[in-house]
**Q** 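So that we are looking at the same thing, I have put the structure below in structure tokens.
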Amino acid sequence: MEIQLWRKILCPYELAVRELILKFEHIIEEHRKNNLYSPIEQVSGRVKSVASILEKLQRKNIPMERMEEEIEDIAGIRIICQFEEDIETVAKMLQHRSDMVIKSEKNYLKNIKESGYRSYHLIIYYTVETIEGPKKIQAELQIRTMAMDFWATIEHSLQYKYKGEIPPHVTERLTKAAEAIHALDHEMSSVREEIMDAQNSSRLQSDIVQDILLCIENLYKVSNQREVRKIQDEFLRIYSTKDMQQLERFHRQLDIIAEGYRAQALK
Ligand code: 0O2
């Protein structure tokens with residue numbers, strides 16, 4: 001096929017990958033803005049390379065004209081979660097979306113691959129708008145934890161290095177590493193609540209600090225410099241104590257002071 005034609009074929013897949021990444025990133029943002037825990041930690045995506053498409057066509061004996069129907073992962077999205085429990089939450093979230101239809105699933109968490117590969121895959125139908133009108137394409141969503149992703153990335157590189165013929169001694173070590181990764185995911189799940197609490201309070205603290213700093217910056221514009229410097233010193237003192245309750249109290253007081261200045265400015 002001519003290069004020009006490949007470009008035309010892959011164009012809607014590029015658009016789909018960009019749109020889907022944006023949509024999943026927005027899910028993360030929406031959770032964070034509402035002070036909610038996001039089951040999605042990171043998202044990335046890629047359009048399969050022409051070489052990789054050709055290799056798959058050949059390996060699976062698929063005629064070129066059946067490419068778009070048979071190769072389901074021309075558009076690929078990877079969704080990374082912190083905990084194994086989050087994978088199901090994400091999968092359920094996707095079932096209810098109106099902009100994608102789930103065609104099939106492959107659960108390599110329940111049915112771990114012989115290689116040790118663990119991940120949850122969904123093939124979806126997704127429609128993009130092109131200059132020639134709407135085009136329904138397929139995309140593969142891989143949902144996995146950070147630990148699963150770490151293992152899969154390393155194993156994928158080794159597959160590439162050894163051209164799919166990984167020597168037995170390396171396979172053995174990969175199997176052991178896969179077991180360790182499995183155990184790590186379970187260990188992390190058992191302290192999930194504690195980790196989530198710690199992450200939430202750290203995010204809350206950073207939001208409060210950002211708010212206080214913005215408030216102090218605004219006070220410099222409308223109030224006596226010496227007064228604001230005193231407020232600033234008090235903030236630094238409280239901040240160094242790492243006492244969240246004191247910091248929250250200071251934040252509330254600062255809000256009242258700022259409100260007072262705002263009211264004065266309106267008079
Ligand atoms: P890439 O380089 O990731 O784009 P097949 O290619 O026939 O094995 P199939 O039947 O289309 O795959 O679906 P499957 O098994 O769900 O695999 C789809 C993708 O999952 C693969 O894409 C890999 O990304 C990933 N995957 C599946 N099995 C393994 C594994 O054992 N190790 C690792 N590291 N990844 C795996 P591709 O096509 O390999 O290409």
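Computed from a predicted structure; not experimentally measured. Whatever order the structure lists them in is the order used to number ligands and atoms, beginning at 1. Any value given below was found using the heavy atoms of this structure, including those in side chains, with hydrogens, waters and symmetry copies removed.
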**Q** Would you find more than 12 non-hydrogen atoms of other residues, nucleotides or ligands less than 6.0 Å from Glu65 atom CD?
**A**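 More than 12 heavy atoms, drawn from other residues, nucleotides or ligands, come within 6.0 Å of this atom.
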
**Q** For ligand 1, give me the residues whose heavy-atom distance to it is below 4.0 Å, by chain and number please.
**A** Arg46, Lys48, Lys56, Arg59, Lys60, Asp73, Lys106, Tyr108, Lys113, Ser115, Tyr117, His121, Glu140, Gln142, Ala152, Glu155, His156

**Q** Tell me if the CZ atom of Arg97 is crowded by more than 12 foreign heavy atoms within 6.0 Å.
**A**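 It does: Arg97 CZ has more than 12 such atoms within range.
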
**Q** With Glu227, which residues qualify under salt bridge (charged side-chain N to carboxylate O under 4.0 Å, His left out), at least two apart?
**A** Lys230

**Q** Please confirm whether the ring centroid of Tyr108 lies under 6.0 Å from the ring centroid of His121.
**A**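 Close enough - the centres of the two rings lie under 6.0 Å apart.
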
**Q** So, using salt bridge (charged side-chain N to carboxylate O under 4.0 Å, His left out) as the criterion, who are the partners of Glu72 when residues are at least two apart?
**A**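 Scan of Glu72 (salt bridge (charged side-chain N to carboxylate O under 4.0 Å, His left out), adjacent residues dropped) gives Lys103.
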
**Q** Report the residues that fulfil salt bridge (charged side-chain N to carboxylate O under 4.0 Å, His left out) with Glu172, sequence neighbours left out, ordered by chain and then residue number.
**A** Lys176

